[in-house]
Amino acid sequence: MPDRTQEFFKLIYNTEPEHTAFAPGRIEFIGNHTDYNGGLVMGAAVTEGITVSVSRREDREIHLISDGAEPVNLKLDDLAPIQGPASWTNYPVGVTKVMQDMGVEMPVGYNIAVTTTLPSGAGMSSSAAFELATALALGAIYGHKTDKIGLARIGKKAENDFVGMPCGILDQGVSAFGEVDSLVSIDCATDVFGTTKMPKDTHFWIFNSNKKHALVDSAYADRHKECHDALALLQKTFPSATTLSDISREQLDASKEALGDLLYRRASHIVGENDRVRAVKVALASGDLQAVGDALNASHESSRVNFENSVEQLDVLAELLMQQPNMYGARLTGGGFGGAVMAFTNAEFDQRQAEQVAAAYEKKCGLAATIIHTRAGKGARSL
Ligand code: GLA
């Protein structure tokens, strides 16, 4: 049975698409802002995501249409980032540019139609999903085969160089490597990926705060720079450290004065997050789910106090969730400065309880949260 995206493609372009691909969004489970600091992170691909259908054209144009936006036509030989309402096209176009730069031959342009089941701005990385689905589909029509890591790297490069967001590999890596009911772990120093089955009867609930932070990209870039500045200072004493993740807690604490309060707290978040990822792995292996939850809660607290990438709305949601029965732990998920809180629960936590949390949140913050009860699903794939 043709899927919704294929139907949409046919309706717009009057022909069957040559190829259709899907890539999921992701949850960041633990390991906040560690990815671009050479650290450890665990996430999960979700069942929601982005589907693209594509076909080659006969000329050298790219025609793009998405179910919620105006159509956009571009020239294959003149691709540059754009601003304003059509900026959603930067993700597939960035991927196209990266593939061109890699030497993938594109003798003609393409038509693309996009649909999503992933709420945008929910902190579940619809951008990485869009990049990976596009990379898979374009790879198929232009004859370029890529493995999972290659796919993730194309998406990250599009994001870094074309969109201009200095993110690490987390979003694209998890979207590529996701497995059903599994957590994906990444060692970002070596780009080694692994998967672990989620403990039985555990669940993810996402609470989108619906607090949009206008400065999200610049705030992210500021944190990126602060981590870089902290590393440069630490390298004066520890020259063999190539990333903040090479620094131990003892080394960091011995450098408190040299770093100053702000950079100390930023680096402390990264060092602490790496330690928490290690602790979570141990706790998962021994089935100690409360220890997993405690690490999630501690991660949120460190975001609040050290990295300052939380906001009041995320703190309120996390705190309300942490007090709930049937709850292991809760923390902001993803970049922060708005977006979503993830709750890790047992099977008893239910919609009614989730709605009570949302009601209490609305009373306190005046915003309606969106509740998404999701599962860990399979990574990017052709349909
Ligand atoms: C965003 C980025 C990721 C990662 C997280 C924070 O999702 O895209 O690369 O840095 O923030 O952990």
Side-chain angles (χ1 to χ4, degrees), residues 23-46 49 90-91 94 118-132 149 152-178 183-189 191 193 206 208-209 212-213 215-228 243-245 266-267 269-277 280 295-296 299-300 302-304 306-311 314 331-342:
R26 63 98 189 91
I27 292 169
E28 175 192 281
F29 189 59
I30 184 108
N32 187 244
H33 286 257
T34 49
D35 58 355
Y36 58 85
N37 286 301
L40 305 171
V41 57
M42 294 178 97
V46 292
N90 287 336
Y91 302 103
L118 202 58
S120 94
M124 292 160 88
S125 202
S126 53
S127 57
F130 199 178
E131 288 153 1
L132 265 69
I149 182 88
R153 285 183 181 143
I154 292 174
K156 176 175 181 286
K157 201 162 167 36
E159 190 88 38
N160 292 162
D161 300 351
F162 198 83
V163 178
M165 159 88 171
C167 67
I169 195 80
L170 165 70
D171 306 343
Q172 293 81 8
V174 170
S175 181
F177 281 83
L183 292 163
V184 177
S185 19
I186 315 175
D187 181 340
C188 303
D191 272 0
F193 289 74
I206 301 293
N208 179 5
S209 69
K212 301 227 177 351
H213 196 296
L215 298 175
V216 79
D217 291 350
S218 62
Y220 186 93
D222 287 349
R223 292 298 179 277
H224 192 277
K225 181 171 181 308
E226 288 162 359
C227 289
H228 186 268
T243 68
L244 275 185
S245 302
R266 301 301 190 246
H269 183 64
I270 305 305
V271 172
E273 284 295 282
N274 283 322
D275 286 344
R276 282 184 280 276
V277 175
V280 161
L296 301 179
S299 168
H300 187 86
S302 177
S303 273
R304 190 177 74 79
N306 292 323
F307 214 62
E308 296 178 284
N309 61 330
S310 189
V311 290
L314 298 179
R331 60 177 292 272
L332 70 81
T333 182
F337 311 106
V341 168
M342 174 214 69

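First listed ligand is number 1; within each ligand, the first listed atom is number 1.
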- Query: Among protein heavy atoms, which sits nearest to atom 7 (O) of ligand 1, and what does the distance come to when rounded to 0.1 Å?
  - Reply: Arg26 NH2, 2.8 Å
- Query: Of the protein's non-hydrogen atoms, which lies at the shortest distance from atom 10 (O) of ligand 1, and what is that distance?
  - Reply: Tyr220 OH, 2.6 Å
- Item | Shortest non-hydrogen contact from Val41 toward Gly31 | CG2-O, 3.2 Å
- Query: To which of Ile30, Asn309, Leu170, Asp35 does the heavy atom nearest atom 9 (O) of ligand 1 belong?
  - Reply: Asp35
Please list every donor-acceptor pair under 3.5 Å in which a side-chain atom of residues 163-171 meets a protein atom from a residue at least two apart or in another chain.
from	atom 1	to	atom 2	distance (Å)
Asp171	OD1	Arg26	NE	2.7
Asp171	OD1	Arg26	NH2	3.1
Asp171	OD2	Ser125	OG	3.2

- Closest to atom 5 (C) of ligand 1 among protein heavy atoms sits Glu28 OE1, 3.6 Å
- Query: Between the main-chain N or O of Pro24 and the side-chain N or O of Ser175, is there a donor-acceptor pair closer than 3.5 Å?
  - Reply: yes
- Query: Is there side-chain contact between Ile30 and Val277, with heavy atoms separated by less than 4.5 Å?
  - Reply: yes
- Task: Among all protein heavy atoms, pick the one closest to atom 8 (O) of ligand 1 and tell me residue, atom and distance.
- Result: Asp171 OD2, 2.5 Å
- Task: Give a yes/no on ligand 1: does Gly334 have at least one heavy atom closer than 4.0 angstrom to it?
- Result: yes
- Which atoms of ligand 1 sit under 4.0 Å from any heavy atom of Cys167? 2 (C), 8 (O), 9 (O)
- Task: Looking only at distances, please establish whether an N/O atom of ligand 1 is found under 3.5 Å from an N/O atom of Gly335.
- Result: yes
- With sequence neighbours excluded, what pairs up with Arg276 under the salt bridge (Lys or Arg N to Asp or Glu O under 4.0 Å) test? Glu273
- Task: Output the list of atoms in ligand 1 that are nearer than 4.0 Å to some heavy atom of Gly168, sorted by atom number.
- Result: 9 (O)
- Message: With a 6.0 Å cut-off on the ring centroids, do Tyr36 and Tyr220 count as close?
- Response: yes
- Item | Ionic contact status for Glu159 with Lys156, cut-off 4.0 Å | no
